[in-house]
There are 2 protein chains.
Amino acid sequence: MTAEDDPKMLKTTATSIAVLEYLEETHGARVSEIAESMGLPKSTIHGHLTTLKHKQFVIQEGDFYSLGPELLRLGNKVRTRDSGYVLARKFTEQLFEETGLRSIFAAEMDGKAVFLHTASGNKMGWAHEQLGNRLYLHSTAVGKAILAELPEQRVDQIIEKWGLPAETESTITTREGLSAELEEVRNRGYAVNRGENFRELYAIGDAAARRPGDVIGGFSVTGPAHAIVETGKEEELARQVTDIVREFELELSLV
Amino acid sequence: MTAEDDPKMLKTTATSIAVLEYLEETHGARVSEIAESMGLPKSTIHGHLTTLKHKQFVIQEGDFYSLGPELLRLGNKVRTRDSGYVLARKFTEQLFEETGLRSIFAAEMDGKAVFLHTASGNKMGWAHEQLGNRLYLHSTAVGKAILAELPEQRVDQIIEKWGLPAETESTITTREGLSAELEEVRNRGYAVNRGENFRELYAIGDAAARRPGDVIGGFSVTGPAHAIVETGKEEELARQVTDIVREFELELSLV
DNA sequence: AGGTCTCGTTCGGCCATAGTGAACTTTATA
DNA sequence: TATAAAGTTCACTATGGCCGAACGAGACCT
């Protein structure tokens with residue numbers, strides 16, 4: 001989408017990936033369409049698709065191409081790398097069953113929160129669609145919970161890398177504001193996101209560590225503002241979230 | 001692994017993918033190790049990693065590289081492409097809860113069965129690890145169930161592409177044998193795998209269609225031989241599987 | 001501290017090869 | 001059957017990926 005002309009990038013690989021990303025956006029496409037959209041000759045695109053098809057990164061049905069199963073296989077390894085990630089699945093579902101709110105488990109990767117598990121009532125759609133998406137740490141409940149357990153130095157690195165961009169008018173955008181918030185999270189024992197990411201969407205999150213200081217990710221529940229801040233609701237939800245984290249950490253220590 | 005020197009393949013992209021596949025096998029690695037294993041200079045590998053890192057196909061922690069979240073995001077789109085795939089998740093879990101046996105939902109892609117959902121009692125591991133894996137259609141319960149609903153012509157194409165390799169001594173390896181088996185599947189209403197894929201592993205599967213003739217995938221339950229063939233057990237399990245498929249198809253028609 | 005080893009990263013030249021446009025084939029449409 | 005539109009193949013050329021060597025950063029040892 002945005003023009004990428006960083007130095008030191010392998011153009012061929014970058015183009016192949018751009019093709020994959022195009023197929024993702026469009027839910028599959030044909031050669032000519034891709035070629036036109038990307039401003040490249042059909043023959044070039046054809047070459048990329050042939051290569052990607054060989055590796056099952058794309059599959060071909062007639063003359064229609066879409067993302068292939070090898071991407072699913074590799075992508076899934078990301079969720080399997082840490083045994084804790086795998087274990088987190090059932091706790092995410094349990095959290096949803098108890099609260100009735102959209103529940104997620106996210107891990108910190110490269111300074112962002114990556115959704116590894118989601119559970120929600122919606123039969124269709126969005127829960128699955130978020131997997132692999134990256135959100136900022138400073139504007140989400142899980143993110144702030146994770147940051148609160150990271151050494152200051154690490155927090156600085158992350159801020160230097162990603163900044164503190166405002167996503168709504170409630171987003172924390174200053175280092176001092178964030179420090180104060182993280183201190184509050186530590187005192188309170190859990191993190192709250194009050195529409196800092198999406199307007200009117202509130203969330204409660206807590207981080208989980210393999211052993212003290214070794215954070216592997218965090219859980220959170222998300223809902224419309226009124227569902228979270230209703231009298232007494234926040235404390236009850238917070239207890240449910242932190243209880244799940246405790247149970248998770250206990251079982252994790254036994255693995 | 002096996003030497004790939006097909007023509008018409010973009011070497012750069014192929015190498016980048018080989019790096020990804022190496023990182024998958026080793027659960028992450030460092031530059032020198034990859035370079036040595038692949039017989040390429042460090043600088044070359046470095047270039048590939050830099051590019052892949054940029055696109056978040058890999059992430060870097062210190063000087064350790066592993067698969068990145070963008071792979072998870074793209075891979076997940078494979079499970080989201082068809083609304084039926086998404087819907088299948090909860091039925092897969094329901095099937096497991098009812099039978100207590102490992103349950104899967106697989107879709108046919110490019111002549112193979114791709115695991116899109118799995119549910120099993122094991123807290124750890126394997127259920128997740130199979131996602132995205134491809135199995136032959138002729139040696140699995142879901143696969144045979146799917147083949148049984150495909151036009152003969154299509155079956156021929158698939159056999160021509162992948163053959164009928166023997167995976168155990170029970171695998172069906174002839175076109176005539178397969179035709180007879182598929183006919184039996186159609187009469188019986190479900191497919192059975194009697195150690196044709198892994199010795200001593202039996203499975204019962206049934207295919208699901210969006211509308212008659214338009215197969216989108218299939219469900220199956222798998223277990224050790226004795227758990228499936230025990231007196232009367234096969235019929236009971238088969239009923240549970242086919243009931244799930246009916247419910248799934250009903251709900252699918254409403255989407 | 002100083003020295004050595006290892007590993008990651010940068011750099012410039014060379015030539016393999018990705019990109020290109022045109023020609024060719026196939027499939028769909030009228 | 002003719003026409004068009006799409007996919008695929010092909011050979012040429014200049015680009016840019018590959019390589020080896022040099023550089024820099026840590027870790028370890030004495």
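Quick caveat: nothing in here was measured; it's all calculated off a predicted structure. Chain identifiers are assigned alphabetically (A, B, ...) following the order of the sequence lines, protein sequences preceding nucleic acid strands; residue numbering begins at 1 within each chain.
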### Task
Would you please say whether a donor-acceptor pair under 3.5 Å links the side chains of Tyr22(B) and Ser37(B)?
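On atom types as modelled, these side chains qualify, holding a pair under 3.5 Å.
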### Message
Categorize Gln60(A) for me: base, sugar-phosphate, or nothing, with a 4.0 angstrom heavy-atom threshold over every strand shown.
### Response
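Contact class for Gln60(A): sugar-phosphate only.
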### Message
Just the rounded figure in Å: distance from P of dT10(C) to CG of Leu49(B).
### Response
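Atom-to-atom, Leu49(B) to dT10(C), this comes out as 13 Å.
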### Query
Base, backbone or nothing for each nucleotide of nucleotides 16-29 of chain C, written B, S, -, heavy atoms under 4.0 angstrom, 5' to 3'?
-SSSBB--------
Which residues share a side-chain contact (heavy atoms from CB on, under 4.5 Å) with [X], sequence neighbours left out:
X: Ala166(B); answer: Thr171(B), Thr173(B)
X: Glu181(B); answer: Lys144(B), Ile172(B), Glu184(B), Val185(B), Arg188(B)
X: Asn193(A); answer: Ala141(A), Glu196(A), Asn197(A), Ala203(A)

### Task
Any pair with a residue in residues 146-155 of chain A that passes side-chain hydrogen bond (donor to acceptor under 3.5 Å, both in side chains), sequence neighbours left out, goes on the list, sorted by first then second residue, please.
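Sorted pair list: Glu108(A)-Arg154(A), Glu152(A)-Arg175(A).
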### Task
Mind listing the residues from residues 64-71 of chain B sitting with a heavy atom below 4.0 Å of DNA chain C? Number order is fine.
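Under 4.0 Å from DNA chain C: Tyr65(B).
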### Task
Five pairs at each end of the helix from dA1(C)-dT30(D) to dA30(C)-dT1(D): take the axis at both ends and give me the angle between them to 10°.
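What I find for the helix from dA1(C)-dT30(D) to dA30(C)-dT1(D) is an axis angle of 40°.
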#### Entry: Summary of salt bridge (Lys or Arg N to Asp or Glu O under 4.0 Å) pairs that have at least one residue in residues 28-48 of chain A, sequence neighbours excluded
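Counting only pairs at least two positions apart or across chains, no salt bridge (Lys or Arg N to Asp or Glu O under 4.0 Å) contact touches residues 28-48 of chain A.
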### Query
So, is His46(A) close to the dG7(D) phosphate, meaning a side-chain N or O under 4.0 Å from OP1 or OP2?
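No, outside the criterion.
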### Task
Not counting sequence neighbours, which residues clear ring pair (Phe, Tyr, Trp, His ring centres under 6.0 Å) with Phe91(B)? List them please.
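Testing Phe91(B) for ring pair (Phe, Tyr, Trp, His ring centres under 6.0 Å), a comparison that skips the adjacent residues, returns Phe248(B).
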### Glu249(A): partners by salt bridge (charged side-chain N to carboxylate O under 4.0 Å, His left out), with sequence neighbours left out
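Expected list: none.
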### Test salt bridge (charged side-chain N to carboxylate O under 4.0 Å, His left out) applied to Arg134(B) - qualifying residues, sequence neighbours left out
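Partners of Arg134(B) under the salt bridge (charged side-chain N to carboxylate O under 4.0 Å, His left out) test: Glu70(A).
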### Residue pairs, two or more places apart or on separate chains, that pass ring pair (Phe, Tyr, Trp, His ring centres under 6.0 Å) and touch residues 132-153 of chain B
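Sorted result for residues 132-153 of chain B: Tyr136(B)-His138(B).
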